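Given the structure is predicted, the values throughout are model-derived calculations rather than measurements.
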Amino acid sequence: MNSTTGRDGARSATSAEQRIGPAVRAAREARGMSLRALARQIGVSPSFLSQLERNKTNASVGTLYTLVEALDLSLDHLVSADPGSPGAAPPTPPAAEPDSPPPGVPSAVVNRFGAVDSPVLHLPDRARIRFPGVVWERLTQASDPFVDFLHVRYEPGSASCAPDDMMRHGGREYALILSGRIRVQIGFETYDLTEGDSVTFDSMTPHRLSNESDAPVEAVWFVVGGRSDERANTAAAPAPDVTHLPSLRT
């Protein structure tokens, strides 16, 4: 897939990416954090963070995950947020009417999941985030409070984070590889996945994705429960059901 998908797709991607910098700055200022303090907390230089807030550079996948955790935001909020907002969490989606659930479905279930106003998303209208060598496209029309449903593309030589670093965040991940070969490190274990392979893992286990081949990788990716996972907001020690390393970040 090309990095743009026609005029409408380019416009959708650009508008989504241009929200990231102002949303980061608004969230940081709303929390009374200086640029230097936030940069020190996420392990980047103040000049890099300043450029990110002005949309002059892109962060890696791992850095952006660290950033949203430091600001107590969802990753999707950076794509969906109004740049002029003070960095508050996006509003809860409206709930369905409690007296009209589908046959056989308890009203409490309908209310919890809320209504889906726009069920279809056409390819040119996907919101898109570009990282160095990596592209994420959201496959839902709007922000979903329960799941990040994504199409991802890793160019040859790209990775989710540096070789000596790993990601760790709330939720559980599910992925199906559509094409190419991707290396997935989960804790101490490393797996090479190709077209048709799938993977499931706890996102609190340190992990890293990399494309060490000479062809792009495309996959469908789900992160479920990342925003409601209380473990991501606790101390560094993992919950009892998290295996391998507690964290490789300092």
Side-chain angles (χ1 to χ4, degrees), residues 20 24 38-45 48-49 52 57-78 129-136 147-148 150-177 180-194 197-213 216-250:
I20 293 178
V24 168
L38 179 58
R40 182 169 59 252
Q41 182 174 342
I42 67 174
V44 300
S45 68
F48 172 83
L49 182 57
L52 180 66
T57 189
N58 294 328
S60 69
V61 177
T63 297
L64 200 55
Y65 261 116
T66 305
L67 183 59
V68 297
E69 288 181 1
L71 294 173
D72 193 26
L73 297 173
S74 70
L75 187 62
D76 191 68
H77 176 54
L78 294 187
I129 303 178
R130 290 185 181 88
F131 306 94
V134 181
V135 178
W136 284 4
V147 62
D148 291 311
L150 307 168
H151 178 279
V152 302
R153 178 183 175 95
Y154 277 75
E155 297 294 343
S158 63
S160 60
C161 49
D164 58 349
D165 202 358
M166 296 183 81
M167 300 166 56
R168 183 174 183 263
H169 53 89
R172 183 177 294 271
E173 302 191 32
Y174 304 82
L176 172 66
I177 311 306
R181 176 184 295 271
I182 191 167
R183 177 161 293 179
V184 182
Q185 182 178 353
I186 306 170
F188 290 110
E189 307 298 329
T190 300
Y191 309 91
D192 289 316
L193 306 180
T194 60
D197 291 342
S198 57
V199 63
T200 305
F201 59 92
D202 189 325
S203 303
M204 286 293 287
T205 302
H207 56 280
R208 181 176 184 268
L209 314 175
S210 59
N211 179 3
E212 301 179 17
S213 71
V217 173
E218 296 195 25
V220 172
W221 218 274
F222 295 84
V223 181
V224 180
R227 304 174 206 179
S228 59
D229 193 337
E230 296 180 355
R231 299 174 301 167
N233 300 318
T234 59
D241 60 336
V242 179
T243 58
H244 301 304
L245 305 176
S247 178
L248 295 186
R249 306 190 70 89
T250 57

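- Side-chain atoms of Y154 and I182, non-hydrogen and from C-beta on, do get closer than 4.5 Å to each other.
- Atom-to-atom distance recorded for L193:CG and L209:CG is 9.5 Å, nearest 0.5 angstrom.
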Side chain to side chain contact (heavy atoms under 4.5 Å, CB included) evaluation trace for V199 with I186: CA-CA 10 Å; V199 63; I186 306 170; 4.1 Å; yes
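- Taking both residues in full, the closest heavy atoms of S213 and P156 are given as O-CB, 3.3 Å, listed atom of the first, atom of the second, then distance.
- Between A70 and L38 the shortest heavy-atom distance is CB-CD1, 4.0 Å.
- Annotation: side chain of H207 is in contact with side chain of H169 (closest heavy-atom distance under 4.5 Å).
- N211 places none of its side-chain heavy atoms less than 4.5 Å from the side chain of E155.
- No side-chain donor-acceptor contact under 3.5 Å links R172 to the backbone of G225.
- When side chains are defined from C-beta on, L67 counts as touching L52, because their heavy atoms get closer than 4.5 Å.
- Not a single donor-acceptor pair under 3.5 Å links the side chain of R183 to the backbone N or O of D192.
- Side-chain atoms of Q185 come within 3.5 Å of backbone atoms of G187 as a donor-acceptor pair (strictly under, hydrogens ignored).
- How far CG of D165 is from OG1 of T63: 7.5 Å, rounded to the nearest 0.5 Å.
- Minimum interatomic distance between P132 and A59 (heavy atoms only, all atoms of both residues): CD-O, 3.2 Å.
- In this structure, the separation between CH2 on W221 and CG on D148 is 13.0 Å, given to the nearest 0.5 Å.
- Nearest approach of G170 to V223, heavy atoms of both residues: O-CG1, 4.2 Å.
- Judged by distance alone, with hydrogens and angles left aside, the side-chain atoms of R181 form no donor-acceptor pair with the main-chain N or O of V217 at under 3.5 Å.
- Shown here for P206 and M166, the closest heavy-atom pair between the two residues is O-CE, 3.2 Å.
- R153 and P216 make their closest contact through NH2-CG, 3.3 Å (heavy atoms, listed as atom of the first residue, atom of the second, distance).
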